[in-house]
Asker: 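Sharing a structure here in structure tokens format.
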Amino acid sequence: MDSAEFHAAVYSVVRQIPVQKVTTYGHVAKVIGMPRHSRHVGQALKFLSPNGNTEPPVPWQRVVSSTGAISSRGPGTDGAQRQREALEAEGVEVHVGRTGDLLVSLADYGWFPAPGEVQLDAA
DNA sequence: TCGATGACTCCAT
DNA sequence: AATGGAGCCATCG
């Protein structure tokens, strides 16, 4: 599997996340059969977010870290903030900690299908 | 070719 | 329960 196929697999899984549900980088990696590639799932999502011109669109905002936190991607960037707005817009509660960290309750919104319950070639 | 990096996770303190 | 360190692996300089 090359990088393009990896991206495609990630997108096909992410597109199947139901509205008002979120999953984790690690779980997406597991579902596509590469459980140690959680970081690369993030890379794939980063690659499409600037323009977001994929068809159909990829709901990248529904992917968070294993703790339910939205990775900040460094101060000065607005990615995390946009993700928070997108989630709230679809009705997902985003809790904000004292330090400005954005958290989603995986207990309430977590979506963790077993590998095989999702199709990897959704165009 | 080697070393550093990162939208991550786990295990040990 | 909270913090810190190590593991992981494709990319990039």
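Throughout, a chain's letter reflects where its sequence line sits, starting with A, and its residues are numbered from 1.
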Asker: Rounded to the Å, how far apart are A:D2 CG and C:dC9 P?
Answerer: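 Nearest whole value for this atom pair: 18 Å.
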Asker: Using a 3.5 Å distance criterion without hydrogens, assess whether the side chain of A:S12 forms a donor-acceptor pair with backbone atoms of A:L120.
Answerer: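 Yes; at least one donor-acceptor contact below 3.5 Å.
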Asker: Taking the same atom, P, in B:dA4 and in C:dA6, what whole-Å distance lies between them?
Answerer: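 Here B:dA4 and C:dA6 have their P atoms 15 Å from each other.
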Asker: Is there a path from A:I17 to A:V104 through hydrophobic residues (I, L, V, M, F, W, Y) whose side chains come within less than 4.5 Å of each other?
Answerer: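 Looking at the clustering, A:V104 is in a separate group from A:I17.
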Asker: Can you confirm whether A:S66 sits close enough to A:Y25 that some side-chain heavy atom of one is under 4.5 Å from a side-chain heavy atom of the other?
Answerer: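 The answer is no; the side chains never approach within 4.5 Å.
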Asker: Tell me if a side-chain donor or acceptor on A:Y11 pairs with a main-chain N or O of A:W60 at a distance below 3.5 Å.
Answerer: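 Pair absent, no side-chain N/O of A:Y11 close to backbone of A:W60.
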Asker: Quickly work out the A:E5 CD to C:dA10 C1' distance and round it to whole Å.
Answerer: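 One finds 15 Å between C1' of C:dA10 and CD of A:E5, rounded.
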Asker: Can you tell me how far C1' of C:dC12 sits from CD of A:Q43, to the nearest Å?
Answerer: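 Checked: the CD to C1' distance equals 10 Å.
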Asker: What string of B, S and - do you get for nucleotides 8-13 of chain B, 5' to 3', when a contact is any protein heavy atom under 4.0 Å?
Answerer: BS----
Asker: A:D101 has an atom CG; how far is it from atom P of C:dA2, in whole Å?
Answerer: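 Taking atom P of C:dA2 as the reference, CG of A:D101 is at 12 Å.
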Asker: Rounded to the nearest Å, what distance is computed from the CD1 atom of residue A:I70 to the P atom of nucleotide B:dA7?
Answerer: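 Nearest whole value for this atom pair: 15 Å.
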Asker: Would you kindly say whether A:R62 and A:Q16 are connected by a side-chain donor-acceptor distance under 3.5 Å?
Answerer: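 Short answer, no.
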Asker: Between A:H37 (NE2) and C:dG7 (C1'), how many Å, whole number?
Answerer: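 For the pair A:H37 NE2 and C:dG7 C1', the rounded distance is 13 Å.
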Asker: Counting distance only, does the side-chain N/O of A:R84 pair as donor-acceptor with the main-chain N or O of A:R82 below 3.5 Å?
Answerer: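 No, A:R84 side chain to A:R82 backbone: no donor-acceptor pair under 3.5 Å.
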